[in-house]
Amino acid sequence: MSTMPVYSVVVPCYNEQEVITETYNRLTKVMTDMGETYELIFVNDGSKDNTAHIIAGFCENDASAVLINFARNFGHMPAISAGMEYSRGQAVFVIDADLQDPPELFPEMAAKWKEGYHVAYGKRIKRKGESIFKRMTAKIFYRFLRSMTTVDLPSDTGEFRLIDRKVCDAVNKMPEKNRYIRGLVSWVGFNQIAVEYVREERFAGVTKYPLRKMIAFAMDAITSFSHKPLKLATMIGFLVSFLSFIYILIAVYQHFFTDLTVTGWASTIATILFTQGIVLMILGLMGEYIGRIYSEIQNRPNYIIQEIVKKSD
Ligand code: UDP
Ligand code: MG
């Protein structure tokens, strides 16, 4: 497509061969019904299954589809970043490949955009078919994150949203690594509004977010948008020093005025373990921030594109 489309749709895909055809069909239906020009940008994040091959098939027959193949698996956020950078639409939709977020909500989001909003984000009022563990951890995570930061990060919101070209450009311009995209989108400001929806079960396949990735993701979110953990470390440090000081006074008192001193073994061990634990925790916490500073300084790209596949016109 040589002219600039009105809408872009960014779809990050990692091992989604079971759903991707259904996703393509539903996206195509919704976008054609909306009756404006569009491009579908599938970012294949180093899938090990047939995903890339299937998407390349769409691109052979459909000039509005394009496939961006990563050189390896870089992650959900880098995949979305690549799609946003490649997109040229006046408004950009971001949606997961697994149909947990219904594309049928696009017209409602587009209506908000036409009213003058720059961001219409999907807010989950219910999550279907996800484990209690996932729902609980998600809930705690969003509440905790909000309490840690001064940026107004909406709860129960994923990457499912429409963003205006201006917002897209502003986010693309931010060079930071370890990107927590929904946070960056909130951070830029503009007029943002929630569109509520029920989050469906995955159409097929399994989650690509095991606990390990969830924890890394939560760490990115918190450290990108808050320095409070570092302040917390200082506060805990002061508190523990204060308690230790009181304990020293008690120990000295016992030494001079009582004969209880030899019975102090348990409390000594307890104190050592406790303070050591705190010190290690705080060191680890600082390590998190230092690691992030290091990756900013290394300044490696967030992703590497192996090839871009689209219909030759
Ligand atoms: N995804 C990706 N790279 C990854 C992991 C996930 O591009 O390393 C994509 C995945 O294909 C899906 C979206 O990110 O479109 C969200 O992943 P998933 O549905 O597995 O996460 P959940 O909804 O379970 O949190
Ligand atoms: Mg999902």
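Every number for a ligand or one of its atoms is a count from 1 in the order of the listing.
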Do you know which N/O/S atom name in Asp98 is closest to the Mg ion (ligand 2)?
->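 For Asp98, the N/O/S atom sitting closest to the Mg ion (ligand 2) is OD2.
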Near [X], which atoms of ligand 1 are under 4.0 Å from a heavy atom of that residue?
X	result
Ala97	15 (O)
Lys208	5 (C), 6 (C), 18 (P), 20 (O)
Asn73	3 (N), 4 (C), 8 (O)

Answer with side chain, backbone, both or neither: which part of [X] has a heavy atom less than 4.0 angstrom from an atom of ligand 1?
X	answer
Met77	neither
His76	both
Asn15	neither
Asp96	both
Cys13	backbone

Take Phe106 and Tyr7, measure what side chain to side chain contact (heavy atoms under 4.5 Å, CB included) needs, and give me the verdict at the end.
-> CA-CA 10 Å; Phe106 283 177; Tyr7 298 116; over 6 Å; no
Pro12 N/O under 3.5 Å from ligand 1 N/O =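 For ligand 1, there is an N or O atom that lies under 3.5 Å from one belonging to Pro12.
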Checking Arg146 against Tyr142: charged group under 6.0 Å from the ring centre and within 45 degrees of the axis?
->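 No cation-pi geometry.
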Might you point out which heavy atoms bring Arg179 and Ser81 nearest each other, and give the distance in Å?
->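 Heavy-atom minimum between the residues: NE-OG, 3.3 Å.
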Any donor-acceptor pair under 3.5 Å from Ser47 side chain to Asn15 backbone |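 Yes: the side chain of Ser47 pairs with the backbone of Asn15.
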Within Thr207, is some N, O or S atom less than 2.8 Å away from the Mg ion (ligand 2)?
->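 For Thr207, the answer is no, given that no N, O or S atom comes within less than 2.8 Å of the Mg ion (ligand 2).
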Aromatic ring proximity, centroids under 6.0 angstrom, Phe160 and Tyr121 |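 No, they do not, as the ring centres are separated by 6.0 Å or more.
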Are the aromatic rings of Phe93 and Tyr38 close, with centres under 6.0 Å apart?
->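 No, the ring centres sit 6.0 Å or more apart.
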More than 12 heavy atoms of other groups within 6.0 Å of Lys173 NZ |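 Incorrect, the count does not exceed 12.
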